[in-house]
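Heads up: the structure comes next, in structure tokens.
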Amino acid sequence: MHRWLLLSEESLEAARERLDGLNVFPIPDSDTGTNMLATMRACRRAVEEEAAEQQDREDLGALLAAAGARAMSEAHGNSGTLLAVLISGFAEPLHTVPRLSAAGLADALERGGLRAWSALSEPVSGTMLSVVDALAARARRLAAEAEEPDSRAAVQGAADALVDVARTAVESTVEQLEALRRERVVDAGAAGLLLVVEALRAAVTGTAVRDEIIDGLLGMDGRRPRTDGPATAAEPTATSAAGVEIMCTSRLDPLGAASLRHRLDELGEAVIITPIDVEPDASGTHRWRIHVHTADAREVEEALRAAGSVETLDVTALSTGTEGVSTEDGGEH
């Protein structure tokens, strides 16, 4: 698992500028690669710290849960947050499991996808979600067809096959989302997830990462042959360039989180609300990571503070990428 996260970090770092340049949806703010890299870097550091503290434990789920929690508490951006959610979901079926199997991989992908879909207020196909759905479906079939599903050969074969599945799913995003179709590009987050899947293959098989796996994807070379045509009415619109992205960590109970989601859906777009902690504290609250694009930062901040105890709050201008100062415990920014 450590090698997987390390290789993912290295691949995303090498491709960061290309992924940033590919970024179109939900808003073309050129930060997808940067945010996904930050998520995987947080995951890798958390696993190293967890392994150092508990050297005698062989629990993949515990390692990845620590990675996901750290990444979510530090995540920025739509893709960076969703990748952290995927890692957290990936961990859940692997608790107490000492070694990855083909069936365990299928369970992990299914749970990661479920967590990611449920975290978003308006999930859409043509994104990382489509890729993880395709991966989970194929992984389940491969596990069922394996002669020895718990063998090393079975998980290696599954990891090999899943890279091709991911590549095909990424290529398909351009026709699944109108914003991508107009620009003739694949989804940047989906392309970043392809690199993460390739890193998993390399870690499982003990081979080198093929960074060229993203070569040839539409828009990856920086050229975007536009086509004309109106956006479909069903597709969410991108937030105005004058708006901001707000990232927040807050303590809420489940009912409070549901109520806050409803309010943020009224005030903004690209809303993600997902729990960081597996278990609630003594008062019944979890830490939740919250992401929203909005044109009215003040009203969103008021809603966040009214809903629960705000631990961290970051505001970033979507038009320039200039970050506000992080605040804790209600400080000014």
Side-chain angles (χ1 to χ4, degrees), residues 1-23 31-48 51 60 63-64 67-68 70-71 79-80 82-84 86-87 90-91 94 99-102 104-106 108-109 112 127-128 130-132 134-136 138-139 142 152-173 185-222:
M1 290 299 101
H2 175 255
R3 178 169 167 76
W4 170 38
L5 300 176
L6 180 61
L7 292 176
S8 296
E9 180 185 351
E10 291 175 349
S11 292
L12 288 168
E13 187 164 26
R16 179 181 61 82
E17 291 185 1
R18 297 172 73 189
L19 294 173
D20 283 349
L22 189 64
N23 184 192
D31 62 1
T32 290
T34 298
N35 290 333
M36 294 183 78
L37 171 59
T39 290
M40 294 312 296
R41 183 166 289 148
C43 286
R44 188 262 303 164
R45 288 172 175 166
V47 162
E48 289 174 351
L60 297 185
L63 278 177
L64 291 175
R70 168 75 70 81
S79 295
L82 274 182
L83 183 55
L86 284 172
I87 297 295
F90 200 94
L94 300 179
R99 184 174 60 86
L100 191 63
S101 66
L105 180 57
L109 287 166
T127 61
M128 295 168 67
S130 300
V131 178
V132 76
L135 289 169
R138 180 62 63 84
L142 291 168
R152 183 181 181 87
V155 72
Q156 287 179 331
D160 260 330
L162 289 178
V163 176
D164 293 335
V165 172
R167 168 83 190 204
T168 299
V170 174
E171 290 171 342
S172 298
T173 60
V185 299
V186 298
D187 181 66
L193 186 58
L194 172 58
L195 288 173
V196 174
V197 175
E198 166 59 16
L200 178 62
R201 182 206 64 79
V204 168
T205 60
T207 57
V209 171
R210 302 169 299 186
D211 288 326
E212 67 275 11
I213 195 71
I214 59 173
D215 291 350
L217 293 172
L218 275 177
M220 190 58 71
D221 61 0

Between Ala67 and Val47 the two heavy atoms that sit nearest each other are CB-CG2, 3.8 Å

query = Do the non-hydrogen side-chain atoms of Leu5 and Glu48 ever get within less than 4.5 Å of each other?
reply = no

Q. Are Trp4 and Leu64 close enough, and set up right, to give a side-chain contact (heavy atoms from CB on, under 4.5 Å), and what steps lead you there?
A. CA-CA 11 Å; Trp4 170 38; Leu64 291 175; 4.2 Å; yes

Sorted by chain and residue number, the salt bridge (charged side-chain N to carboxylate O under 4.0 Å, His left out) partners of Asp160 (sequence neighbours excluded) come out as Arg201

Side chain to side chain donor-acceptor pair (under 3.5 Å) filter on Ser11, not counting sequence neighbours, yields Asp211

State, with a plain yes or no, whether a side-chain heavy atom of Arg99 is found less than 4.5 Å away from one of Leu60.
no

Side chain to side chain donor-acceptor pair (under 3.5 Å) filter on Arg45, not counting sequence neighbours, yields none

*asked:* Within the structure provided, determine whether Arg210 and Val163 are in side-chain contact (heavy-atom separation under 4.5 Å).
replied: yes

Here the gap from Ile87 atom CD1 to Ser8 atom OG, rounded to the nearest 0.5 Å, amounts to 7.0 Å

Which of Val196, Thr39, Val132 passes side chain to side chain contact (heavy atoms under 4.5 Å, CB included) with Leu86? It is Val132

Heavy-atom nearest pair, Ala15 first then Leu195, reads CB-CD1, 3.6 Å

Please report the C-alpha distance between Val204 and Leu105 in whole Å, then the side-chain angles of each, then the deciding distance to 0.1 Å, and finally whether the side-chain contact (heavy atoms from CB on, under 4.5 Å) criterion is met. CA-CA 11 Å; Val204 168; Leu105 180 57; over 6 Å; no

All heavy atoms of Ala42 vs all of Ala71, minimum pair found to be CB-CA, 3.9 Å

Under 4.0 Å between a Lys/Arg side-chain N and an Asp/Glu carboxylate O for Arg18 and Asp215?
yes

To the nearest 0.5 Å, atom CD of Glu171 lies from atom CG of Leu218 at 8.0 Å

Interatomic distance, CG@Leu22 vs CG@Leu217, rounded to 0.5 Å, equals 8.0 Å

Check your understanding: Using 4.0 Å as the upper bound for N to carboxylate O, is an ion pair formed by Arg167 and Glu198?
Key -> no

Scanning both residues in full, the closest heavy-atom pair of Thr207 with Arg3 reads O-NH2, 3.3 Å

The reported gap from CG in Asp187 to OG in Ser172 (rounded to nearest 0.5 angstrom) is 12.0 Å

Decide yes or no on side-chain contact (heavy atoms from CB on, under 4.5 Å) for Leu194 and Val131, but give the supporting numbers first. CA-CA 8 Å; Leu194 172 58; Val131 178; over 6 Å; no

Residues passing the side chain to side chain contact (heavy atoms under 4.5 Å, CB included) test with Arg152, sequence neighbours excluded, are Gln156

side-chain contact (heavy atoms from CB on, under 4.5 Å) evaluation trace for Val185 with Met220: CA-CA 8 Å; Val185 299; Met220 190 58 71; over 6 Å; no

Those residues at least two apart in sequence (or on a different chain) that pass side chain to side chain contact (heavy atoms under 4.5 Å, CB included) with Arg138 are Arg141, Leu142, Leu162, Val165

Minimal heavy-atom distance between Leu12 and Leu19, with the atoms involved, is CD2-CD1, 3.8 Å

Tightest non-hydrogen contact, residues Leu109 and Ala139, listed as CD1-CB, 3.8 Å

Exercise. Under 3.5 Å, side chain of Thr173 to main-chain N/O of Ala169, donor-acceptor pair present?
Worked result: no

With sequence neighbours left out, the residues meeting side chain to side chain contact (heavy atoms under 4.5 Å, CB included) with Thr32 are Asn23, Met36, Ser79, Ala188

Taken to the nearest 0.5 Å, the spacing of Leu7 CG from His2 NE2 works out to 9.5 Å

